[in-house]
Amino acid sequence: MSHPLDIAEAADCGVDALPGWQMALARLLAAAPVLPPEEIALEAAAGRVLAAPVTAPRSRPSRDLSAMDGYAIAGPAPAAGAEFPVVGWAWAGKPFSGQVAADQAVRVTTGAPMPSGAVRVIVDEAVSVEGARIRLVGLAGEKRHVRPAGSDFQAGDVLVAAAVRLTPPALMAAAAAEASRVLARRQPRLAILTVGDELARDERCGDDAIPDSASPGVGALAQAWGARAAGLRRCGDDANDLAAAVEELLDRCDVLVVIGGASGSERDLTRAAAAEAGAVPLFAGVSMKPGKPAWAASTGARLLVGLPGNPVAALVAARLLLVPTLVKMSGAEPATALAWRHGPTMADIPASGDRETLILAEAKGEGVALLERQESASHAHLARLTALIRRPPASPPAAAGELVDYLDL
């Protein structure tokens with residue numbers, strides 16, 4: 001696993017230089033705030049990151065419990081042929097109210113409180129039942145089949161630590177600690193602004209318009225990593241309209257993602273709109289392929305992240321730059337979003353150029369297969385895109401079977 005996130009390096013490279021994506025990400029992370037906590041119901045907390053630990057108020061089990069269906073007795077393991085009268089029953093949540101004598105047995109089910117005086121359970125398979133009596137027909141063994149009080153956790157134990165994301169298992173642990181409400185970090189509110197005269201403004205596309213395919217993918221990726229949708233706008237290449245859209249969306253979000261317009265030509269109006277809104281540049285362009293036109297700026301506690309207009313380039317840049325930033329804002333460790341895996345490539349990979357190259361791939365078993373089309377504007381094979389192969393600048397060719405680094409998309 002690789003975590004190339006040295007935020008201190010951000011000061012070593014001027015804003016006007018073209019940083020690698022690690023440097024660009026370091027600047028984003030340095031500007032990104034960890035969002036404040038809010039108290040929410042546990043049933044609404046799936047995927048959220050804890051701002052405070054969940055601590056057990058009492059030990060569990062609170063008393064000795066039967067670990068098997070069988071018969072609780074008070075003495076040592078009996079010999080074959082031993083008989084006991086059954087004097088009562090105990091179910092999960094319904095204890096036996098009496099005291100078990102040395103020559104008695106109480107019927108118990110898994111999870112039932114052990115009757116007072118009982119020290120072990122003889123399992124069903126070892127006895128025969130004759131009316132209100134049981135007879136041992138097999139070896140009882142020395143195993144007691146009892147879950148001792150406090151054997152799961154003790155009062156005061158931390159069952160879910162702060163900064164942990166509430167996965168289904170973590171939610172179960174929190175519920176076991178009787179946490180009906182938890183203190184979790186607020187989700188980043190993310191708005192998307194797509195820019196370009198060529199984009200259709202609605203579902204209808206003519207010959208000279210194209211559908212906006214980038215925003216659904218980028219939006220879904222952001223929400224999968226903890227963001228909450230806060231608005232979507234489509235805007236043509238008009239400076240006034242763009243400036244108004246940026247100002248409007250910034251009022252309702254923590255992160256504004258601007259897709260398109262960052263070409264470096266005279267038609268590039270997006271960074272000018274960001275500057276008009278008072279945003280301070282963090283970087284303008286990234287030394288990566290695809291994704292070179294990506295940019296970012298900050299205004300107060302809000303971030304603007306600019307992504308290329310080509311859908312594949314937008315998705316790649318979002319995965320490397322936007323996702324770890326959202327993870328930090330959500331209260332988790334951003335490096336957890338960059339868990340690079342190591343596996344064999346299933347096809348030859350050509351040498352890379354002077355920029356770090358991300359190759360579109362499909363994870364298969366322990367390896368990765370390259371997609372047939374690698375163009376940033378291609379959609380034909382995107383449904384199979386599940387991984388990005390990372391090739392550092394000036395990497396030599398890699399033959400099929402060689403180990404490569406790749407990131408799950």
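With values rounded to the nearest 0.5 angstrom, Trp340 atom CH2 is found 10.0 Å from Asp408 atom CG. Note that the SG atom of Cys235 and the CG atom of Asn240 stand 10.0 Å from one another [nearest 0.5 Å]. Note that CZ of Arg120 and NZ of Lys143 are 12.5 Å apart. Values are rounded to the nearest 0.5 Å. Going from atom CG of Asp212 over to atom CZ of Arg234 covers 4.5 Å, rounded to the nearest 0.5 Å. Of the inter-residue distances, the one linking Leu320 atom CG with Leu407 atom CG reads 6.5 Å to the nearest 0.5 angstrom. Between the CD atom in Glu38 and the CZ atom in Arg185 there is a gap of 11.0 Å [rounded to 0.5 Å].
Counting only heavy atoms from C-beta outward, the side chains of Val368 and Leu370 never approach each other to under 4.5 Å. In this structure the side chain of Leu232 never reaches within 4.5 angstrom of the side chain of Leu249, judged on heavy atoms. With contacts defined as side-chain heavy-atom distances shorter than 4.5 Å, the pair Leu358/Met288 qualifies. Contact annotation: the side chain of Leu250 approaches that of Leu304 to within less than 4.5 Å [non-hydrogen atoms, C-beta and beyond]. Using a 4.5 Å heavy-atom cutoff, the side chains of Ile259 and Val218 are in contact. Under the 4.5 Å side-chain criterion, counting only non-hydrogen atoms from C-beta, Glu276 is not in contact with Arg271. With a 4.5 Å cut-off on side-chain heavy atoms, Glu356 and Ser287 do not count as touching. For the pair Pro344 and Val404, the minimum side-chain heavy-atom distance is 4.5 Å or more.
Between the Arg228 side chain and the Arg189 main chain, no donor and acceptor come within less than 3.5 Å of each other. Not one N or O on the side chain of Arg63 forms a donor-acceptor pair closer than 3.5 Å with the backbone of Pro113. At least one donor-acceptor pair closer than 3.5 Å links the side chain of Asp197 to the backbone N or O of Asp237. A distance-only check finds no donor-acceptor pair linking the side chain of Arg147 to the backbone of Gly111 [under 3.5 Å]. Here the side chain of Ser352 pairs a donor or acceptor atom with the backbone of Ser395 at under 3.5 angstrom. At least one donor-acceptor pair under 3.5 Å links the side chain of Asp157 to the backbone N or O of Gln154. Checking side-chain atoms of Thr357 against main-chain N and O of Arg355 turns up a donor-acceptor pair under 3.5 Å. A donor-acceptor pair is defined here as one N or O able to donate and one able to accept, closer than 3.5 Å; such a pair exists between the side chain of Ser59 and the backbone of Ala155. At distances below 3.5 Å, at least one donor-acceptor pair connects side-chain atoms of Gln374 with backbone N or O atoms of Leu360. The backbone N or O of Ala313 lies less than 3.5 Å from no partner atom in the side chain of Asn310, so there is not a single donor-acceptor pair.
Using a 3.5 Å distance cut-off with no hydrogens or angles, the side chains of Thr110 and Asp69 do pair a donor with an acceptor. When only modelled atom types and interatomic distance are considered, Gln99 and Ser116 share a side-chain donor-acceptor pair under 3.5 Å. A donor atom on one side chain and an acceptor atom on the other are not found under 3.5 Å apart for His145 and Ser66.
Arg165 pairs with exactly one of Val327, Val160, Leu50 by the side-chain contact (heavy atoms from CB on, under 4.5 Å) rule, that one being Val327. When each of Leu136, Asp124, Val100, Val123 is paired with Tyr71, the side-chain contact (heavy atoms from CB on, under 4.5 Å) condition holds for Asp124 and for no other. Partner Val108 forms a side-chain contact (heavy atoms from CB on, under 4.5 Å) with one of Val121, Val146, Ile122 and no other, that one being Val121.
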> Can you check side chain to side chain contact (heavy atoms under 4.5 Å, CB included) on Val54 and Val158, steps first, answer last?
Replying inline: CA-CA 6 Å; Val54 174; Val158 173; over 6 Å; no

> Does the side chain to side chain contact (heavy atoms under 4.5 Å, CB included) test come out yes or no for Val106 and Met114, once each step is laid out?
Replying inline: CA-CA 9 Å; Val106 170; Met114 288 292 288; over 6 Å; no

> Step by step, would you call Val255 with Val305 a side chain to side chain contact (heavy atoms under 4.5 Å, CB included)?
Replying inline: CA-CA 7 Å; Val255 180; Val305 178; 4.2 Å; yes

> Please walk me through it: do Glu178 and Arg60 pass salt bridge (Lys or Arg N to Asp or Glu O under 4.0 Å)?
Replying inline: CA-CA 11 Å; Glu178 306 173 39; Arg60 292 289 182 186; 3.2 Å; yes

>> Using side chain to side chain contact (heavy atoms under 4.5 Å, CB included), reason through Tyr406 and Leu388 one step at a time and then give a plain yes or no.
In response: CA-CA 5 Å; Tyr406 66 97; Leu388 299 174; over 6 Å; no

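Taking the charged nitrogens against the carboxylate oxygens, Arg391 and Asp405 have no contact shorter than 4.0 Å, which rules out a salt bridge. Under a 4.0 Å N-O distance rule, the pair Arg233/Glu248 qualifies as a salt bridge.
Across Leu326 and Trp225, no two heavy atoms sit closer than the pair CB-O, 4.4 Å. The minimum heavy-atom distance between Leu29 and Lys328, with the atom names listed, is O-NZ, 2.6 Å. Residues Gly291 and Val286 share a closest heavy-atom pair of O-CB, 4.3 Å. For the residue pair Leu303 and Ser298, the shortest heavy atom distance occurs at CD2-CB, 3.8 Å. Nearest approach of Arg302 to Asp251, heavy atoms of both residues: NH2-O, 4.0 Å. Across every non-hydrogen atom of Gly331 and Val34, the tightest pair is CA-CG1, 4.0 Å.
No more than 12 heavy atoms of other residues, nucleotides or ligands lie within 6.0 Å of CD in Glu247, so this atom counts as exposed by the packing criterion. For CG of Leu403, the number of neighbouring non-hydrogen atoms (other residues, nucleotides, ligands) closer than 6.0 Å is greater than 12.
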